[in-house]
Amino acid sequence: MFGLVDCNNFYASCERVFNPNLRDKPVVILSNNDGCVIARSNEAKALGIPMGAPTYKFEKIFKQHNIQVFSSNYALYGDMSSRVMNILSNFTPDVEIYSIDESFLEFSGFGNYNMQAYCEKIKYVVEKGTGIPISIGLAPTKALSKVANRIAKKFPEQTKGVFIMKDDAARIKALKWLKIEDVWGIGRQHALRLKKHNIHTAYAFSELPDEWVRKQMSVVGLRLKNELQGRRTLELETPAHKKAIATTRSFDKQYKEFDYIQERVSSFAIKSAEKLRRQGSCCQMIYVFLKTNKFRQDLPQYQNSIVVQTGYPTNSSIDLIKFAVEGLKKIYHPDYYYKKAGVIVMGLVPEDQRQLAFFTAENPKHKQLMQKIDRLNGAYGTGAVRFGSQDLGKVWKMRREHLSQAYTTNLGSIIEVNVGDENKS
DNA sequence: TCTGGGGTCCTATGCCTT
DNA sequence: TCTGAAGGCATAGGACCC
């Protein structure tokens, strides 16, 4: 049996843990730059706030319905997530952390357990320990456990937040209920095509001929079909090393000047190098991209990207700036207004296993230099040490006008409890 | 004026080597 | 030495996830 544990409205729930006044009130969480809505409480969903809603278009509605608005606070959500995951691992050794708010659990050898009671206990202990409400779905395959979870979440009164797909009759009933666009692995494009072929439910999809699914949706679609029929094709995955690390951002407005964009791309390269060093990896390729604002169709559109081979594995900020700017020069075009750029480092190898290149290699002094820089930045804050290609006078600030505090990771943000006497807190 | 960021996997294509 | 088939690899793009 697979179990899928999903935290309910995770980001909104995190905010509520430390601010109980938010209970039963509509809450939305905004993306970086406060650009759009990326999470909603049930109350906000009921008010018709869609996922991805642009903030500037909905500000009036936020005010009108007294919706509580928060900038995303990843320090808080990341910490709350690891607390939840820690508790889950006490209930079965086989846990795959699938995302910040979801885990697959495998229950093998639990034949004699009353799984309904066991899962209700998991739910109780997680909620008691963290304040985060969860839903649990159990089924014979991963894809079906996603379906079961959806039912648990959708019908909390009947299911108490735990739904177990006991037999084939339950499977068929659930799949007939689930709309095709809500199936895990069916995105917008596939849903559109399937509907054109009169496939509207998960069940109808699961009954399609193998060849058709394979042809239209590749082996991925076929695996999904098998999973929905109850045949296990996906297993619990063990954490693998990352294959790429990305640092990409939208700009606060549109920019044309090369110098500005070069400065941004250099900063992304530095950030990527820091991430590489933190996980003990080096990269062999660096991908740089540049885009105009896709929402401004009235302006000329342009996007381009390039892969630069480094020639040797490196995680030196100095080298990565050099390669990134070299790539940028090849794709930059002076006629456009740019809104977004990014750097992705690829071809990652462990730092201690880098092969020696015959003619080129990272300057051996860089390693020590980077260690010192990382230490200084660690002690005095990111950006304490900057590079020549970064604009020293400029402080890049993300728009985060509705940020809650880092209650769990920053001592200065710790909650104070006042007990009677105002002097004692 | 203002619409996020970070990932994965699969396929098609073209080129090169065997 | 030439030729075609088959396999490996890099790259680009599309689909999906959270």
Side-chain angles (χ1 to χ4, degrees), chain A residues 4-7 9-11 28-39 49-60 62 70-74 77-78 81 96-104 142-143 146 149 181-194 213-224 233-234 237 239-255 268 271-272 275 279 284-285 287 289 291-299 303-309 331 337 339-348 398-401:
Chain A
L4 179 72
V5 174
D6 192 317
C7 301
N9 312 316
F10 182 55
Y11 295 171
V28 299
I29 318 294
L30 304 179
S31 66
N32 275 353
N33 269 327
D34 291 348
C36 62
V37 172
I38 55 164
I49 309 293
M51 186 67 165
T55 311
Y56 76 97
K57 281 191 189 169
F58 281 80
E59 253 152 6
K60 246 191 199 156
F62 294 160
F70 290 89
S71 305
S72 34
N73 184 344
Y74 287 104
Y77 311 150
S81 171
E96 173 193 339
I97 298 175
Y98 180 69
S99 74
I100 195 163
D101 74 328
E102 274 178 56
S103 265
F104 284 105
K142 275 179 144 183
K146 274 275 198 181
N149 184 280
E181 64 266 33
D182 293 336
V183 175
W184 180 49
I186 306 279
R188 253 215 303 269
Q189 303 302 321
H190 287 331
L192 211 64
R193 188 164 341 128
L194 287 164
V213 176
R214 164 77 234 231
K215 186 143 185 255
Q216 300 284 324
M217 302 169 62
S218 84
V219 293
V220 184
L222 193 55
R223 273 203 288 261
L224 176 62
T233 58
L234 302 173
E237 283 177 26
H241 274 128
K242 277 198 189 129
K243 297 180 174 167
I245 292 176
T247 310
T248 72
R249 291 285 180 281
S250 298
F251 307 149
D252 54 342
K253 32 181 212 192
Q254 306 180 120
Y255 288 92
F268 299 157
K271 194 90 189 160
S272 300
K275 291 181 189 171
Q279 71 156 41
Q284 303 175 97
M285 288 174 264
Y287 175 96
F289 73 84
K291 288 178 182 188
T292 51
N293 187 349
K294 65 178 174 182
F295 295 103
R296 290 293 302 271
Q297 288 297 329
D298 54 318
L299 297 175
Q303 58 172 313
N304 207 347
S305 62
I306 190 169
V307 176
V308 181
Q309 305 283 342
I331 57 172
Y337 287 96
K339 179 67 180 163
K340 185 172 182 171
V343 164
I344 304 176
V345 288
M346 307 185 300
L348 306 192
M398 226 192 328
R399 230 167 76 190
R400 291 170 102 185
E401 288 172 3

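In what follows, chains are A, B, ... by sequence order, proteins preceding strands, each numbered from 1. The basis for the numbers below is simple: all heavy atoms, side chains too, and nothing from hydrogens, waters or symmetry mates.
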Report yes if a side-chain nitrogen or oxygen of [X] is closer than 4.0 Å to either non-bridging phosphate oxygen (OP1 or OP2) of [N]; otherwise report no.
X	N	value
Lys340(A)	dG5(B)	yes
Thr247(A)	dG5(B)	no
Arg223(A)	dC9(B)	no
Lys242(A)	dG6(B)	no
Arg296(A)	dT1(B)	no
Thr248(A)	dG6(B)	yes
Gln284(A)	dA10(C)	no
Lys253(A)	dC2(B)	no

Rounded to the nearest Å, what distance is computed from the [atom1] atom of residue [X] to the [atom2] atom of nucleotide [N]?
X	N	atom1	atom2	value
Phe58(A)	dC2(B)	CZ	C1'	14 Å
Asp34(A)	dT3(B)	CG	C1'	12 Å
Asp298(A)	dT3(B)	CG	P	13 Å
Ile344(A)	dG5(B)	CD1	P	12 Å
Phe251(A)	dG4(B)	CZ	P	13 Å
Phe268(A)	dG4(B)	CZ	P	13 Å
Phe289(A)	dA12(C)	CZ	P	14 Å
Tyr11(A)	dG6(B)	OH	C1'	10 Å

Subject >> Atom of Cys36(A), atom of Pro54(A) and distance for their closest heavy-atom approach >> reply: CB-CA, 4.0 Å
**OP:** Kindly check if the number of other-residue, nucleotide or ligand heavy atoms within 6.0 Å of OH (Tyr337(A)) is above 12?
**Re:** no
**OP:** Look at atom NZ of Lys339(A) and say whether more than 12 heavy atoms of other residues, nucleotides or ligands are closer to it than 6.0 Å.
**Re:** yes
Subject >> Verdict with supporting geometry, Thr247(A) and Lys275(A), side chain to side chain contact (heavy atoms under 4.5 Å, CB included) >> reply: CA-CA 9 Å; Thr247(A) 310; Lys275(A) 291 181 189 171; 3.3 Å; yes
Original post:
Relative to the 5' end of DNA chain B, which residue comes earlier, Lys294(A) or Glu237(A), by the nucleotide with the nearest heavy atom?
Top reply: Lys294(A)
Subject >> Contact nearer the 5' end of DNA chain B, comparing Ser31(A) with His241(A) >> reply: Ser31(A)
Original post:
What integer number of Å spans the C1' atoms of dC17(C) and dC2(B)?
Top reply: 27 Å
Original post:
Can you tell me how far C1' in dC15(B) sits from the matching atom in dG4(C), rounded to whole Å?
Top reply: 16 Å
**OP:** Take Phe10(A) and Ile100(A) through the test side chain to side chain contact (heavy atoms under 4.5 Å, CB included) and record every step on the way to the result.
**Re:** CA-CA 9 Å; Phe10(A) 182 55; Ile100(A) 195 163; 4.0 Å; yes
Original post:
Out of curiosity, Lys142(A) NZ to Glu96(A) CD, how far, rounded to the nearest 0.5 Å?
Top reply: 3.5 Å
Subject >> From NZ (Lys340(A)) to CD (Gln303(A)), nearest 0.5 Å >> reply: 10.5 Å
Hey, are the side chains of [X] and [Y] touching, using non-hydrogen atoms and a 4.5 Å cut-off?
X	Y	value
Val307(A)	Met346(A)	yes
Leu234(A)	Arg223(A)	yes
Glu102(A)	Asn149(A)	no

**OP:** For Ala244(A), answer base if it contacts any base atom (sugar-phosphate contacts may also be present), sugar-phosphate if it contacts only those atoms, and nothing otherwise; contact means non-hydrogen atoms under 4.0 Å.
**Re:** sugar-phosphate
Is the backbone of [Y] close enough, under 3.5 Å, to the side chain of [X] for a donor and an acceptor to pair up by distance?
X	Y	result
Arg400(A)	Asn32(A)	no
Asn293(A)	Gln254(A)	no
Ser272(A)	Phe268(A)	yes

**OP:** Using a 4.0 Å cut-off on protein heavy atoms (strictly under), produce a 5'-to-3' string for nucleotides 13-18 of chain C with B for base contact, S for backbone-only sugar-phosphate contact, and - for none.
**Re:** --SSSS
Original post:
Reading nucleotides 12-17 of chain B 5' to 3', which nucleotides get B (base under 4.0 Å from a protein heavy atom), which S (sugar-phosphate only), which -?
Top reply: ------
Original post:
Which of these nucleotides, dA12(C), dT3(B), dG5(B), is closest to any side-chain atom of Arg249(A)?
Top reply: dG5(B)
**OP:** State which of dT8(B), dG5(B), dT3(B) makes the closest approach to the side chain of Lys57(A).
**Re:** dT3(B)
**OP:** Mind listing the residues from residues 214-221 of chain A sitting with a heavy atom below 4.0 Å of DNA chain B? Number order is fine.
**Re:** Arg214(A), Ser218(A), Val219(A), Val220(A)
